[in-house]
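Since the structure comes first, as structure tokens, the remarks are kept for the end.
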Amino acid sequence: MITTEEIAVRVRQMLIDGMKITPEISDNPDYQRTDYTKDGIILVPRSITGEGSVRNGAINVNIHVPDIPQGVGNGKVIFHTHFARLIELRKQAMEILQNHYEHGCGYNWNIGLINPPMQEPSHNEHYVSFTLDVVVREKKSNN
């Protein structure tokens, strides 16, 4: 039976094909973060449960955007969340991935939990995430 890791490969390709990727995006959807100075889209396959013919799983889509630095004097800098960019990238990704059925492959997904911006620990950036709730069905032959 197919796994969330295998489905994440398809999700990644859909995002690559459909996103308006610009040079500001360094991690053109990938599975780990490598450049914290640019926007990035990271896919995180989660568990898949069940032993029967229908199983449920999830894939997190994390969209990272560096904070906007603003000088306040005396060499101090304050970093502000770049809400507009976070919203723009999340909207693009959700439009590409919404309510997807892969004909003949035995799985589909719907957009589930949508999280607000969160600070990336130890980095001057925030990320938003949403979950693809995956349903996998055992493919049966018609022989």
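Just so it is clear, the structure is predicted and the values come from calculations on it, not from any experiment.
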Point to revise | pair Ile59-Ile7: side-chain heavy atoms closer than 4.5 Å | key: yes
Check your understanding: Do Gln92 and Leu15 come within less than 4.5 Å of each other through their side chains, counting heavy atoms only?
Key -> no
Check your understanding: Quick one: do the Asn56 and Thr49 side chains pair a donor with an acceptor below 3.5 Å?
Key -> no
Check your understanding: Is there a side-chain contact between Arg46 and Thr4 (heavy atoms, below 4.5 Å)?
Key -> no
Check your understanding: Do any pairs count as a ring pair (Phe, Tyr, Trp, His ring centres under 6.0 Å) and have a residue in residues 94-113, sequence neighbours left out, and if so which ones?
Key -> His100-Trp109
Review point. Does a side chain donor of either Ser129 or Asn115 reach within less than 3.5 Å of an acceptor in the other side chain?
Key: yes
**Study point:** Atom of Val128, atom of Pro116 and distance for their closest heavy-atom approach
**Key:** CG1-C, 4.1 Å
**Study point:** Pairwise distance CD1(Ile87) to CD1(Ile63) - rounded to 0.5 angstrom
**Key:** 11.0 Å
Review point. In Å, rounded to the nearest 0.5 Å, how long is the span from OG1 of Thr3 to CD1 of Ile48?
Key: 7.0 Å
Review point. Quick one: do Glu88 and Arg85 make a salt bridge, cutoff under 4.0 Å?
Key: yes
Check your understanding: For the residue pair Pro66 and Asp39, what are the closest heavy atoms and their distance?
Key -> CD-OD1, 3.2 Å
Point to revise | Donor-acceptor contact present, side-chain Arg12 to main-chain Pro29, <3.5 Å | key: yes
Review point. Hey, is the main chain of Val9 close enough, under 3.5 Å, to the side chain of Glu5 for a donor-acceptor pair?
Key: no
Study note, to complete from the structure: Residue set satisfying ring pair (Phe, Tyr, Trp, His ring centres under 6.0 Å) with Phe130, at least two apart, ordered chain then number -> none
**Study point:** Of all pairs that satisfy salt bridge (Lys or Arg N to Asp or Glu O under 4.0 Å), the ones with a partner from residues 58-69, not counting sequence neighbours
**Key:** none
Check your understanding: Do you know the tightest heavy-atom contact between His64 and Ile42?
Key -> CD2-CG1, 3.8 Å
Exercise for review: Give a yes or no on whether Met94 and Phe83 share a hydrophobic cluster (residues Ile, Leu, Val, Met, Phe, Trp, Tyr; joining criterion: side-chain heavy atoms under 4.5 Å apart).
Suggested key: no
Exercise for review: Apply the test side chain to side chain contact (heavy atoms under 4.5 Å, CB included) to residues Val65 and Leu89: give CA-CA distance (whole Å), side-chain angles for both, the deciding distance (0.1 Å), then the verdict.
Suggested key: CA-CA 9 Å; Val65 174; Leu89 291 175; 3.9 Å; yes
Review point. Within a strict 4.5 Å, meaning less than it, do heavy atoms of the Ile41 and Val61 side chains meet?
Key: yes
Review point. Which residue pairs pass the salt bridge (Lys or Arg N to Asp or Glu O under 4.0 Å) test with at least one member in residues 112-130, sequence neighbours excluded?
Key: Arg33-Glu125
Check your understanding: What's the shortest heavy-atom distance between Thr131 and Ala58, and which atoms?
Key -> CG2-CB, 3.6 Å
Point to revise | Side-chain heavy-atom pair Met14, Leu97 within 4.5 angstrom cut-off | key: yes
Check your understanding: Shared ILVMFWY cluster between Tyr127 and Tyr36, side chains joined below 4.5 angstrom?
Key -> no
Exercise for review: Quick one: closest heavy-atom pair of Gly112 and Asp133, and the distance?
Suggested key: CA-OD2, 3.3 Å
Practice item. Taking the side chain as every heavy atom from C-beta outward, state whether Val44 and Asn62 have any pair of such atoms under 4.5 Å apart. Key: yes
Practice item. Determine, stepwise, if the pair Asn99 / Ile111 fulfils side chain to side chain contact (heavy atoms under 4.5 Å, CB included). Key: CA-CA 7 Å; Asn99 305 328; Ile111 293 176; 5.5 Å; no
**Study point:** Nearest-0.5 Å distance that lies between atom CG in Asp30 and atom CD1 in Ile16
**Key:** 8.0 Å
Review point. Do Leu132 and Tyr31 sit in the same hydrophobic cluster, where Ile, Leu, Val, Met, Phe, Trp and Tyr count as joined when their side-chain heavy atoms come under 4.5 Å apart?
Key: yes
Exercise for review: Specify the closest pair of heavy atoms between Thr81 and Pro117, including all atoms of both residues, with the distance to one decimal.
Suggested key: CG2-CB, 4.4 Å
**Study point:** Gap between atom CG of Leu86 and atom NZ of Lys91 - 0.5 Å precision
**Key:** 15.0 Å
Review point. Does Glu102 have any salt bridge (Lys or Arg N to Asp or Glu O under 4.0 Å) partners at least two apart in sequence or in another chain, and if so, which?
Key: Arg10
Exercise for review: Check whether any side-chain N or O of Arg55 sits under 3.5 Å from a backbone N or O of Val136 as a donor-acceptor pair, and report yes or no.
Suggested key: no
Return all side-chain donor-acceptor pairs below 3.5 angstrom for residues 70-79, not counting sequence neighbours, or 'none' if the list is empty.
{"unit_1": "Gln70", "atom_1": "OE1", "unit_2": "His80", "atom_2": "NE2", "d": "2.7"}

